[in-house]
2 protein chains.
Amino acid sequence: MTNAGDPARTIALLWRDESAIPRKGPRRALTLDQVIGAAIEVADADGLDALTIRRVAQALNTSPMTIYTHVPGKAELLDLMVDAVYAHLSRTATTGQPWRARLTAVAQDNRALFQDHPWLTTVSTQRPVLGPGAIAKYEHELAALDGHGLTDVQLDDCLTYLLTFVHASARTAIEAQAVRQATALTDEQWWASAGPLLARVLNPADYPLATRVGEAAGQAHQGAYDPDHMYEFGLARLLDGLAPLLDRTP
Amino acid sequence: MTNAGDPARTIALLWRDESAIPRKGPRRALTLDQVIGAAIEVADADGLDALTIRRVAQALNTSPMTIYTHVPGKAELLDLMVDAVYAHLSRTATTGQPWRARLTAVAQDNRALFQDHPWLTTVSTQRPVLGPGAIAKYEHELAALDGHGLTDVQLDDCLTYLLTFVHASARTAIEAQAVRQATALTDEQWWASAGPLLARVLNPADYPLATRVGEAAGQAHQGAYDPDHMYEFGLARLLDGLAPLLDRTP
DNA sequence: ACAGTACTCCGTACTATGTACAGAGTGCCA
DNA sequence: TGGCACTCTGTACATAGTACGGAGTACTGT
């Protein structure tokens, strides 16, 4: 989805390169930031599916094609949206604290970002968006890992590993919520409808572990995946896994 | 995307419930499995975006609307596709081996699955597809974790944690590849185009860590994220993180 | 045997979306 | 003051999912 078209144009837009701004023609009624802001509002409110050029234009009281005078296409608009929310990421200061606290804060900040902008879990961000927001975020997060004798490559590895985890667990959480809304069924209702049917076709003796564990997990998390629990559990494992690398220099 | 519509209908389809098969009307020219198979072939070859009802119909030499006599809609078709590929997952036998080997095998099997069916990383699988393939997969994978004194809930937690990791890292790998194909640029070409521009707008002094580490990581992985390296690194950390839970009973 | 009816198959058509194109108007620069 | 680069906008096209309805088919109860 992201990163289509001319990289030069995208980078000029991301960094608001003055030299790329045309000097002729009528005064524009909107700024780029207004377009990006409107797009983010739409996506925050109704998700990526609802993010259409027409919808953004409507929010800005203009015509769809006007959007294209600010942005080459939808893919570039997404890149700009991503960088904009990265720029506003809350960056908890944790200098001097132990590494577990610092990494927990980084994870927490990212988790909050995904909660505020659920669509962010959905956009592909390969060939990472190289805007000022993204770079600043990277700088801040690397700082949380610095000073433990890691090589530069390891620094990047550890951070990527952490962010991948937060991304994935946020994605799961958001998806669960989205499905619930889309279906307009609570998990209990869904199970009430699907459960009996499943019982008719599924023979527990064929899948002893699956039925036992599935039931136990379902009970424990009241009928569904529990995103908060998954996050807590995963983060604890993740930090334990990094300990051998980070506990050398305190 | 997935899990829309009537859960009862979906489950009946997933389990090929005989009692849900109509007894009247003309003999059908296609079986459900043919439809699913054709859909999987399309998605394997050209990705989820290319998976359209019209395309599946074409592959089966029939009309688009005929597909709808087999499947209520595209969402249900996706559920069926997911369960079908789960059913064919390679299940490496590892009974008796140490837990690290067993979990590595589970991860590897899933990784291979994602490589064979890249679209699988993209489909939302919340409110997990409860078909025979998915359950059999769950049963097999739980077995790899069983016998270390974990509670049922912990069993589920650990497995989910592992699968989330494999899913996320596969997703990153696939996305990187997809972008490369879509852009028709190699990473070197892309950087050649974007690099100089970036150098003009980005002041390295503002982001010392980011530029240093970014460059080091870029060099080490020859210009881009290296999915294989990310997977190896992540899996090692992941197993280290699970060790405190699993090393108690051998 | 025969009607009724619940199916399958499929052409048509509606809606939504990204975006190309072209025309009209506007304001900087030589 | 002309010219041209640019903005704004209406129209239009291609591609989706899928609702609808009609024609034909085969199982069911009489």
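Heavy-atom basis, side chains included; hydrogens, waters and symmetry copies ignored. Throughout, a chain's letter reflects where its sequence line sits, starting with A, and its residues are numbered from 1.
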### Contact summary for A:Leu130 and A:Trp15, nearest pair of heavy atoms
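Smallest interatomic distance, heavy atoms only, reads O-NE1, 2.9 Å.
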### Message
Test salt bridge (Lys or Arg N to Asp or Glu O under 4.0 Å) on A:Asp228 and A:Arg111; report intermediate values, then the result.
### Response
CA-CA 11 Å; A:Asp228 290 337; A:Arg111 189 163 130 95; 2.9 Å; yes
### Task
Please indicate whether B:Gln115 has more than 12 foreign heavy atoms, meaning atoms of other residues, nucleotides or ligands, lying under 6.0 Å from its CD.
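Enclosed.
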### Message
Quick check on contacts: within residues 28-39 of chain B, what sits under 4.0 Å from DNA chain C by heavy-atom distance?
### Response
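The answer is B:Arg28, B:Ala29.
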Expressed as a whole number of angstroms, how long is the span from [X]:[atom1] to [N]:[atom2]?
X       : N      : atom1 : atom2 : result
B:Leu60 : C:dC9  : CG    : P     : 11 Å
B:His70 : D:dG17 : NE2   : P     : 17 Å
A:Ile53 : D:dA14 : CD1   : P     : 20 Å
A:Gln58 : C:dA16 : CD    : P     : 12 Å
B:Asp49 : D:dA14 : CG    : C1'   : 16 Å
B:Ile67 : D:dA16 : CD1   : C1'   : 15 Å
B:Leu48 : D:dA16 : CG    : P     : 13 Å
B:Glu76 : D:dG17 : CD    : P     : 13 Å

### Query
A:Thr69 side chain N/O closer than 4.0 Å to the phosphate oxygens (OP1, OP2) of D:dC6?
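No, no such contact exists.
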### Message
Taking 4.0 Å as the cut-off, does a side-chain nitrogen or oxygen of A:Thr62 come that near to OP1 or OP2 on D:dC8?
### Response
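For D:dC8, OP1/OP2 do not have a side-chain N/O of A:Thr62 under 4.0 Å.
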#### Entry: Results of salt bridge (charged side-chain N to carboxylate O under 4.0 Å, His left out) for B:Arg9 - residues two or more places apart only
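Per chain and number, B:Arg9 pairs via salt bridge (charged side-chain N to carboxylate O under 4.0 Å, His left out) with no residue.
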Does the side chain of [X] come under 3.5 Å of the side chain of [Y] through a donor N or O and an acceptor N or O?
X        : Y        : result
B:Asp79  : B:Thr10  : no
B:Asp226 : B:Tyr231 : no
A:Ser63  : A:Thr66  : yes

### Task
Would you indicate what B:Ile21 reaches in the nucleic acid, counting non-hydrogen atoms under 4.0 angstrom: base, sugar-phosphate, or nothing?
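Contact class for B:Ile21: none.
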### Task
Select base, sugar-phosphate, or nothing to describe what A:Thr66 touches, counting heavy atoms under 4.0 Å on all strands.
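Base contact.
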### Side-chain (A:Glu141) to main-chain (A:Tyr138) donor-acceptor, under 3.5 angstrom
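Between the backbone of A:Tyr138 and the side chain of A:Glu141 there is no qualifying donor-acceptor contact (under 3.5 Å).
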### Summary of protein contacts for nucleotides 20-30 of chain C, nucleotide by nucleotide, where a base hit scores B, a sugar-phosphate-only hit scores S (4.0 Å, heavy atoms)
BB---BBSS--
### Query
Picking from D:dA16, C:dC7, C:dG18, which would you name as closest to the side chain of B:Arg54?
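For B:Arg54, the side-chain atoms sit closest to D:dA16.
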### Task
Among C:dC9, D:dT9, D:dT18, find the nucleotide with the atom closest to the side chain of A:Ser63.
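Given the options C:dC9, D:dT9, D:dT18, the side chain of A:Ser63 is closest to D:dT9.
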### Task
Show your working on side chain to side chain contact (heavy atoms under 4.5 Å, CB included) between A:His117 and A:Met81 and close with a plain yes or no.
CA-CA 10 Å; A:His117 309 291; A:Met81 292 167 63; over 6 Å; no
